[in-house]
Structure formats: structure tokens, C-alpha cells
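These notes concern the structure reproduced below.
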Amino acid sequence: ANPQSPSLGDAYAAAVTQAQNNTDAELLNGRLAMIGMTFAAFGEEITGQGPLEQLSLETGVPVIGVEGFAFAFGLSMLYTSTTAVASTFRQTLSGDDGRVDL
């Protein structure tokens, strides 16, 4: 039982600590994204078609269907990241550090 409730500053500090722990994964993700964008640019230069049109050629899915999927995927990523941050703040403000005392 925590007699004093953590402050919003504590919640922010916990979120910053969690973000620092994810640094290696974020660096890898960023580098892979840069490589993907480079290949997309080369593909567009070679074929004269953008990345979505190239995907349509490979899969047979019309570009308009891919755009809808991309929009839905983007919304789901926004929702997931927002709820993850909110959950971290909620846990810190409630004093729940995730550890189990035996």
C-alpha cells in the first residue's frame, strides 16, 4: 500500500524510462524504414509506378483497396500507441509498478 499517490511527474518519468528502454528496437525499426523507403524510391524510378501501384502489380489487389487497408492499419497503430501510453500513465499514477510481492 502506497500512502502517497504518485504525481503526474512520476508518470512522465516512468514513460521516459520505458521509452529509453526501447531505444535499440526503435533504432532498428527506423533503419529498416529508411531502407524500405530507399527501395521504394528505386522501384518507383525503375518502374515509373509508386509503391502502392507496385504492390497492386505484385498482389493483384487494386490500389483503392490497398489505400483503404493502409488507412485502417494507420488508425489501428494510432489507437495502439495511444492506449499503450495511457496505460503506462495509469499504472504509474495508481502506484502499480507491475511487480508481485511474494
Side-chain angles (χ1 to χ4, degrees):
N2 190 359
Q4 196 173 30
S5 167
S7 68
L8 185 59
D10 293 335
Y12 177 75
V16 168
T17 301
Q18 183 178 3
Q20 289 171 344
N21 291 339
N22 292 334
T23 301
D24 291 337
E26 289 297 325
L27 281 173
L28 176 63
N29 188 28
R31 289 174 181 160
L32 290 174
M34 288 185 275
I35 290 169
M37 291 300 292
T38 302
F39 279 121
F42 280 129
E44 185 170 356
E45 187 65 32
I46 292 168
T47 65
Q49 297 178 332
L52 289 178
E53 293 167 322
Q54 293 175 36
L55 182 62
S56 177
L57 286 175
E58 292 292 325
T59 62
V61 176
V63 173
I64 191 71
V66 174
E67 290 170 345
F69 172 76
F71 180 71
F73 181 76
L75 283 180
S76 70
M77 289 296 103
L78 178 65
Y79 173 77
T80 302
S81 61
T82 304
T83 55
V85 169
S87 174
T88 301
F89 278 124
R90 220 176 294 116
Q91 285 176 353
T92 304
L93 287 175
S94 69
D96 180 14
D97 60 4
R99 292 183 281 182
V100 176
D101 295 329
L102 300 176

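For clarity, every value in this text was computed on a predicted model and none was experimentally measured.
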>> Run the side-chain contact (heavy atoms from CB on, under 4.5 Å) test against Gln49 and tell me which residues pass, sequence neighbours left out.
In response: Thr47, Glu53, Gln54, Leu57
>> So, using side-chain contact (heavy atoms from CB on, under 4.5 Å) as the criterion, who are the partners of Leu27 when residues are at least two apart?
In response: Thr23, Arg31
Using residues 73-82 as the side-chain source, report each donor-acceptor pair under 3.5 Å to any protein atom, sequence neighbours left out, with the distance given to one decimal.
{"residue": "Ser76", "atom": "OG", "partner": "Phe73", "partner atom": "O", "Å": "2.7"}
{"residue": "Thr80", "atom": "OG1", "partner": "Ser76", "partner atom": "O", "Å": "2.8"}
{"residue": "Ser81", "atom": "OG", "partner": "Met77", "partner atom": "O", "Å": "3.1"}
{"residue": "Ser81", "atom": "OG", "partner": "Leu78", "partner atom": "O", "Å": "3.0"}
{"residue": "Thr82", "atom": "OG1", "partner": "Leu78", "partner atom": "O", "Å": "2.7"}

> What residues join Ile46 in its hydrophobic cluster, counting side-chain heavy atom gaps under 4.5 Å, either direct or through other members?
Replying inline: none
> In the hydrophobic clustering (ILVMFWY, side-chain contacts below 4.5 Å, transitive), which residues join Leu32, or is it alone?
Replying inline: Leu28
> How close do Pro51 and Glu44 get, heavy atom to heavy atom, and via which atoms?
Replying inline: CD-OE1, 4.1 Å
